[in-house]
Amino acid sequence: MLNIVLFGPPGAGKGTQSQKLIAKYHLVHLSTGDLLRAQIAAGTELGLQAKKIMDEGLLVPDEVVIGMIDNALQSNQQAAGFIFDGFPRTVAQATSLDRLLAGHGTGVQAMVALEVDEEELIKRLLERGKTSNRPDDQDETKIRRRVSVYHSETAQVAGYYATQAKFHALNGIGGIETIFGQICAIIDAHPTTTPATPAATMGEARSL
Ligand code: AMP
């Protein structure tokens, strides 16, 4: 399996690059932002709670997003791999992701961080806000809060993956194809994992 964490502040280009990576590597795209927006659109209780937090540009509680990822992994057991977009955003989410993937006999191969300076992010998000219909993309104060939350809470996740030698930073300003090529080079340098089959697991148990 190939599991990639695509990392970076809001507006860094994670969504655009995710679409290209899915097409090339046949991965399942798991964006916690998209999963939360689907809950809001469906009018669920979880969606109602999450909307208030998201509109403020703050982080939804860890257990909520971890639960959504757990469900998504369970319902995509045949996937060739996953691209995690906007998750993990805290160290607690990162450790939970390792635990959940280990339960499926796999793990994260690489974390790719797209780096873009704050003024460029504000410009991109305000532009996206004209068509995205996302309240959190339309107000500069909220956008700045999201970027500041990224720096204060989320950036520590980079350190978590650095200690596992899985962290790779890329300049997120440049041509879409150029950045895509750089991400692919990083991915291709990491070996994929083969999840343990029940037979293999039994074999291991017997040899103990
Ligand atoms: P995104 O679409 O990734 O920019 O996420 C939009 C909003 O959803 C964020 O500003 C958070 O309020 C919430 N959100 C998305 N993913 C997470 C996550 N992994 N942890 C906590 N909150 C999240």
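Order of appearance sets the numbers: ligands from 1, and atoms from 1 within every ligand. Throughout, residue positions are numbered sequentially from 1 according to the sequence presented.
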- Task: Return the set of residues passing ring pair (Phe, Tyr, Trp, His ring centres under 6.0 Å) with His190 (not counting sequence neighbours), or none when no residue passes.
- Result: His168
- Message: Whether the side chain of Gln156 engages the backbone of Ser152 through a donor-acceptor N/O pair (distance < 3.5 Å, no angle test) should be reported.
- Response: yes
[X], portion touching ligand 1 at heavy-atom distance under 4.0 Å:
X	result
Val65	side chain
Arg134	side chain
Asp85	neither

- Quick one: does Glu56 get a heavy atom under 4.0 Å from ligand 1? no
- Message: Below 4.0 Å from ligand 1: does a non-hydrogen atom of Lys14 turn up there or not?
- Response: no
Proximal ligand 1 atoms for [X], defined as those under 4.0 Å from one of its heavy atoms:
X	value
Arg37	2 (O), 6 (C)
Gly86	16 (N), 17 (C), 18 (C), 19 (N)
Gly33	2 (O), 5 (O), 15 (C), 16 (N)

- Query: Who's the nearest protein heavy-atom neighbour of atom 14 (N) of ligand 1, and how far?
  - Reply: Leu36 CD1, 3.5 Å
- How far is atom 16 (N) of ligand 1 from its nearest protein heavy atom, and which residue and atom name does that atom have? Thr32 OG1, 2.8 Å
- Lys20 to Phe180 six-membered ring, cation-pi geometry met (6.0 Å, 45°): yes
May I ask you to check whether [X] and [Y] show a side-chain donor-acceptor distance below 3.5 Å?
X	Y	answer
Thr44	Gln39	yes
Asn3	Thr106	yes
Asn171	Glu115	no
Asp98	Gln164	yes

- Message: If you take the nearest heavy atom of each of Met54, Arg89, Gln93, which one is closest to atom 5 (O) of ligand 1?
- Response: Arg89
- Task: From atom 12 (O) of ligand 1, work out which of Val60, Leu58, Leu59 has a heavy atom at the shortest distance.
- Result: Leu58
- Query: Would you say Asp34 and ligand 1 have an N/O pair spaced under 3.5 Å apart?
  - Reply: no
- Message: In the structure I gave you, are the side-chain heavy atoms of Gln19 and His29 within less than 4.5 Å of one another anywhere?
- Response: yes
- Query: Quick one: are the ring centres of Tyr25 and Phe82 less than 6.0 Å apart?
  - Reply: no
